[in-house]
Amino acid sequence: MSRTALRICPLCEATCGLTLTVEGARVTGARGDRDDVFSKGFVCPKGASFGAVDGDPDRLRSPLVRENGTLREATWQEAFDAVAAGLRPVLERDGPNAVGVVLGNPNVHTVAGALYPPLLLGALGTRSLFTASTVDQMPKHVSSGLLFGDAGAIPVPDLDRTDHLLLIGANPLESNGSLCTAPDFPGRLKALRARGGRLTVVDPRRTRTARLADRHLAIRPGTDALLLAAMATVLFEEGLADLKDLAPHVQGVAELRQALADFTPEAVAAACDLDAGVIRTLARELAAAPTAAVYARIGSCTVPHGTLASWLVDVLNILTGNLDRPGGALFPQAATDRTPRPAGPGRGFALGRWHSRVRHLPEAKGELPLSALAEEIDTATADGAPVRALIAVAANPVLSAPDGDRLDKALGSLDFMVSVDPYLNETSRHAHVVLPPPPPSQSPHHDFAFNALAVRNQVRYTRPAVPLEPGRMAESEILARLILAVSGMHGTDPAAVDAMVVDQTLGRAVREEHSPVYGRDPRELAAQLTGDNGPERRLDMMLRLGPYGDGFGARPGGLSLAELLAHPHGIDLGPLRPRLPQPLRTVSGRIELLPGPIAGDLPRLRAALAERPDGLVLVGRRHLRSNNSWMHNVPALTGGSNRCTLHIHPEDAARLGVRDGADVRVKGAGGEVVAPAEVTDGVRPGVVSLPHGWGHDRPGTRLGHASAAPGVNVNQLLDGSLLDPLSGNAVLNGVPVQVSASR
Ligand SMILES: Nc1nc2c(c(=O)[nH]1)N[C@H]1C(S)=C(S)[C@@H](COP(=O)(O)OP(=O)(O)OC[C@H]3O[C@@H](n4cnc5c(=O)[nH]c(N)nc54)[C@H](O)[C@@H]3O)O[C@H]1N2
Ligand SMILES: Nc1nc2c(c(=O)[nH]1)N[C@H]1C(S)=C(S)[C@@H](COP(=O)(O)OP(=O)(O)OC[C@H]3O[C@@H](n4cnc5c(=O)[nH]c(N)nc54)[C@H](O)[C@@H]3O)O[C@H]1N2
Ligand code: SF4
Ligand SMILES: [Mo]
């Protein structure tokens, strides 16, 4: 007997609604949910393979505990006993910073990953926090923090209404979009063109997205900040800067103009390897379009000037009056956002409040660079203890961060490590305890992170499609028990963690004058919460306190968990709306166009005007059927064109004597790898491309399919020294490499 169940897809940022076919405890099929208010039936090959991803036989079914050097299956009780016994002594002996936390990408795709890691960090009190953000979008957080006073305030291009999209360093036809949640991104781009809109793509590779565009500019990697600065300069020079309704909310226009004056198209053209006239045209078109948005992603962030490029994206949206207006780039308003407080000055955004121990790298948003994790473990210094224990949740930094070999060794030297991970992989193989979460079909879903980045305001919640199998533990309970273990409360009822959050949140809300529950009794409010468990009650609380909430009766008809459960295909909350000045948290209460740290970084950009790399540089790429490091174990998603090959332009291949299909040796500062060449003019001359997340050839993993076709780890070419200084983000694109035919 089969039945169907709804499940929001957690496999990328597009958050499509799926209709699963379920037989017993097994998901045997997945298609797009045609009634989903947001995705309207769209599904990609990954979503369609949900059943295979979910049912991968290599997923761990029970905890593993290390005994005499080897991992053996254990009970949950034994596993948490071992966690408490392993972590508490390190905390007590060496202090909180000796316990590191690594949070990986899937945390933004799970309910548990949204609700518990902040509590875990609070319980530990550690500053040794490393996440996937510093190999990804930290530059965007820093630029938003500086411009708007809130690192979480990220404007999203209004894909469905814009007349003009300048898309930089992103390939949504493969990635399905990032920091821009849009199910069927390809369809939305096609619709933009069909309604007469214009699409320009800037990418050193002629990607599937580039092939859809009106214009493709194959920029030299790492130089987008120069291009964008030159566009801003053209707007000023030619009198095209027009802030429109934004003007009263912005300060620093004159200072900005002066600071960017020498970045003319003529000055940047050679470094970017673009025509100065084309750069002028781009700026004029952006200004002339009825509405327009500049949007940039991985290729603009994971580069030496990542924060400046991220900042300039918003600068261009501001200078053309396109920020915060329909058709431009707007701030979404998610259903679980905090109750919007009245507009006005805030505390601003601080950077570098503390520094890493070894290289003295500044924190950003409370995080240290993932590139510094290995040295924070393997290097002793006079000030403070090294990281001696590690908690990794949904993270595989041995493959996703620079210099995996060094990190691999460092992890092997830890006194204690725990991984919350469904797989025994390159990273979790070092753990003393592995705590496996259930597969997605057995987990609830709500997009805490991505609804705040979505091109349309909407809200959806799906309960587990399949009941927890015997012996399984929900990921929220795993994380709650981990929090209790590090707090010295091992064995306490994990529901206490959620109850504490509810108490604290409601206690705060009733004291906030702008809250719908101001002055009420928190115990009376807590008694009204519904839900089957702690996470559901917390979701109910957030929804009811949030911008669309029922305010616990203060706003009848508003959102609550019950309301969401009554709408299994979701609730549409309308198109993005202008919100300024409410989101601003800067000290001035305005958009600070030229923040001090940015101004301080401009001389480095000026120096880049003269840079001309003479050798090859490396960029990454993603394949539609991939997802970072953990989907190579699913046969349905591997093979075909999804291969770990080095893309190289025919001219470079001919010059180096590299033949299509033959092995090539690629050498970088961190090491070398050998991969088959794929000669293609899809990549520009002077640039080679390898995908990331491969290199599944280390012993001691349980990845049957992936280890049979392991590929190579591109991040071994990096030594971790190249960072964007303001954000600590790793430079993963535009990295100098030497390529030679391998004999
Ligand atoms: N060279 C290069 N390197 C890159 C990038 C690049 O473009 N080029 N991209 C970077 C980017 S953008 C990112 S986000 C990072 C990603 O790097 P990571 O954050 O390390 O993420 P993944 O590689 O996706 O590994 C995720 C881990 O989570 C586990 N997992 C899967 N589902 C769940 C779950 O439901 N719960 C838990 N607890 N665990 C789960 C997987 O088994 C795996 O171990 O890689 C970065 N590295
Ligand atoms: N299929 C699939 N989907 C994914 C993922 C995946 O691994 N596979 N990962 C998910 C994650 S964690 C993220 S963060 C998103 C990322 O989403 P995207 O940002 O869309 O990621 P990419 O496909 O890597 O696109 C980055 C593009 O930047 C280009 N590029 C490289 N260097 C430069 C440069 O200096 N300048 C410019 N202008 N372009 C440059 C590359 O050629 C590449 O085409 O994708 C998510 N979705
Ligand atoms: S686009 Fe993303 S969210 Fe949608 S089905 Fe594919 S993997 Fe899932
Ligand atoms: Mo990412």
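Along the sequence shown, residues are numbered consecutively beginning with 1. Counting convention: from 1, in listed order, for ligands and their atoms alike. Keep in mind that the numbers below use all heavy atoms, side chains included, and drop hydrogens, waters and symmetry copies.
- The side chain of N733, and not its backbone, has at least one atom closer than 4.0 Å to an atom of ligand 2 (non-hydrogen atoms only; side chain from C-beta on).
- Atom 7 (O) of ligand 2 has as its closest protein heavy atom N628 N, 2.7 Å.
- Aromatic ring orientation, H446 versus Y461: tilted (interplanar angle from 30° to 60°).
- If you number the atoms of ligand 2 from 1 as listed, the ones under 4.0 Å from a heavy atom of D224 come out as 34 (C), 35 (O), 36 (N), 37 (C), 38 (N).
- Side-chain N or O atoms of N713 include one that pairs as donor or acceptor with a backbone N or O of V398 at under 3.5 Å.
- The closest approach between any non-hydrogen atom of T207 and ligand 2 is below 4.0 Å.
- Residue, atom and distance of the protein heavy atom nearest to atom 26 (C) of ligand 2 are G169 O, 3.3 Å.
- If you check the side chains of N176 and E13, you find no donor sitting under 3.5 Å from an acceptor.
- Considering R622, R208, R205 in turn, R208 is the only one that fulfils the salt bridge (Lys or Arg N to Asp or Glu O under 4.0 Å) rule with E174.
- Between S300 and ligand 2, no pair of N/O atoms sits closer than 3.5 Å.
- At a 3.5 angstrom cut-off on N or O pairs, T223 does not count as close to ligand 2.
- Proximity to P221 (heavy-atom distance under 4.0 Å) selects the following atoms of ligand 2: 34 (C), 35 (O).
- Put simply, the side chain of T162 never gets that close to the backbone of L159: no donor and acceptor are under 3.5 Å apart.
- Side-chain atoms of H569 and D33 include a donor-acceptor pair closer than 3.5 Å.
- Looking only at distances, no side-chain donor or acceptor of R621 sits under 3.5 Å from a matching main-chain atom of T207.
- Side chain to side chain, D724 and T307 meet the donor-acceptor criterion of an N or O pair below 3.5 Å.
- Near V619, with a cut-off below 4.0 Å to any heavy atom, the atoms of ligand 2 are 31 (C), 32 (N).
- Judged by the shortest distance from any of its heavy atoms, R220 lies outside the 4.0 Å radius around the atoms of ligand 2.
- Between the side chains of T131 and E367, at least one donor N or O lies within less than 3.5 Å of an accepting N or O.
- Salt bridge annotation for R297-D136: present, with a cationic side-chain nitrogen under 4.0 angstrom from a carboxylate oxygen.
- Shown in contact with D203 at under 4.0 Å from a heavy atom are these atoms of ligand 2, numbered in order with element: 27 (C), 28 (O), 29 (C), 39 (N), 41 (C), 42 (O), 43 (C), 44 (O).
- The pair R456-D160 does not meet the salt-bridge criterion, since no charged nitrogen lies less than 4.0 angstrom from a carboxylate oxygen.
- A donor atom on one side chain and an acceptor atom on the other are found under 3.5 Å apart for T15 and R460.
- Among protein heavy atoms, atom 40 (C) of ligand 2 sits closest to P204 CD, 3.3 Å.
- Put simply, part of S626 is less than 4.0 Å from ligand 2, judged by heavy atoms.
- When each of D56, T638, N633 is tested with H705 by the rule side-chain hydrogen bond (donor to acceptor under 3.5 Å, both in side chains), just one qualifies, namely T638.
- The contact set between ligand 2 and R297, taken as ligand atoms under 4.0 Å from a residue heavy atom, comprises 14 (S), 19 (O).
- Numbered from 1 in the order shown, with element, the atoms of ligand 2 that lie under 4.0 Å from a heavy atom of D136 read 14 (S).
- If you look at N627 next to ligand 2, the close heavy atoms, those under 4.0 Å, come from the backbone and the side chain alike.
- Residue G177 has no nitrogen or oxygen atom sitting less than 3.5 Å from a nitrogen or oxygen atom of ligand 2, judged on distance alone.
- Between D601 and R604 there is a salt bridge, since at least one side-chain N of the basic residue sits less than 4.0 Å from a carboxylate O of the acidic one.
- Only side-chain heavy atoms of I219 come within less than 4.0 Å of ligand 2; its backbone N, CA, C and O stay farther off.
- Using a distance-only test at 3.5 Å, with no hydrogens or angles considered, a donor-acceptor pair links the side chain of S144 to the main chain of A153.
- Residue contacts with ligand 2 for S178 involve side-chain atoms from C-beta outward but no N, CA, C or O (heavy atoms, distance under 4.0 Å).
- Counting protein heavy atoms only, atom 47 (N) of ligand 2 is closest to S175 O, 2.9 Å.
- Proximity to I168 (heavy-atom distance under 4.0 Å) selects the following atoms of ligand 2: 38 (N).
- With 3.5 Å as the limit, one finds a donor-acceptor pair spanning the side chains of S629 and N396.
- For the residues P691, G299, G734, the heavy atom positioned nearest atom 33 (C) of ligand 2 is part of G299.
- Below the 2.8 Å limit, atom 4 (Fe) of ligand 3 has as protein N, O or S neighbours C16 SG.
- Scanning the protein heavy atoms around atom 35 (O) of ligand 2, the nearest turns out to be G222 N, 2.6 Å.
- Counting only distance, with no hydrogens or angles, the side chain of T223 and the backbone of R220 share a donor-acceptor pair below 3.5 Å.
- Side-chain atoms of N628 do not come within 3.5 Å of backbone N or O of S400 as any donor-acceptor pair.
- Contacts with ligand 2 closer than 4.0 Å are made by side-chain heavy atoms of K46 only, the backbone lying farther away.
- Side chain to side chain, H141 and S133 fail the donor-acceptor criterion of an N or O pair below 3.5 Å.
- The backbone and the side chain of I298 each have at least one atom closer than 4.0 Å to an atom of ligand 2 (non-hydrogen atoms only).
- Every atom of ligand 2 with a heavy atom of L624 under 4.0 Å away is listed here by number and element: 1 (N).
- The protein non-hydrogen atom at the shortest distance from atom 25 (O) of ligand 2 is N171 N, 3.4 Å.
- Evaluated for a side-chain contact (heavy atoms from CB on, under 4.5 Å) with I219, the options I168, D273, L226, L274 yield exactly one hit, L274.
- For atom 1 (N) of ligand 2, the closest heavy atom belonging to the protein is H623 O, 2.6 Å.
- Counting only heavy atoms of the protein, atom 9 (N) of ligand 2 lies nearest to R622 NE, 2.9 Å.
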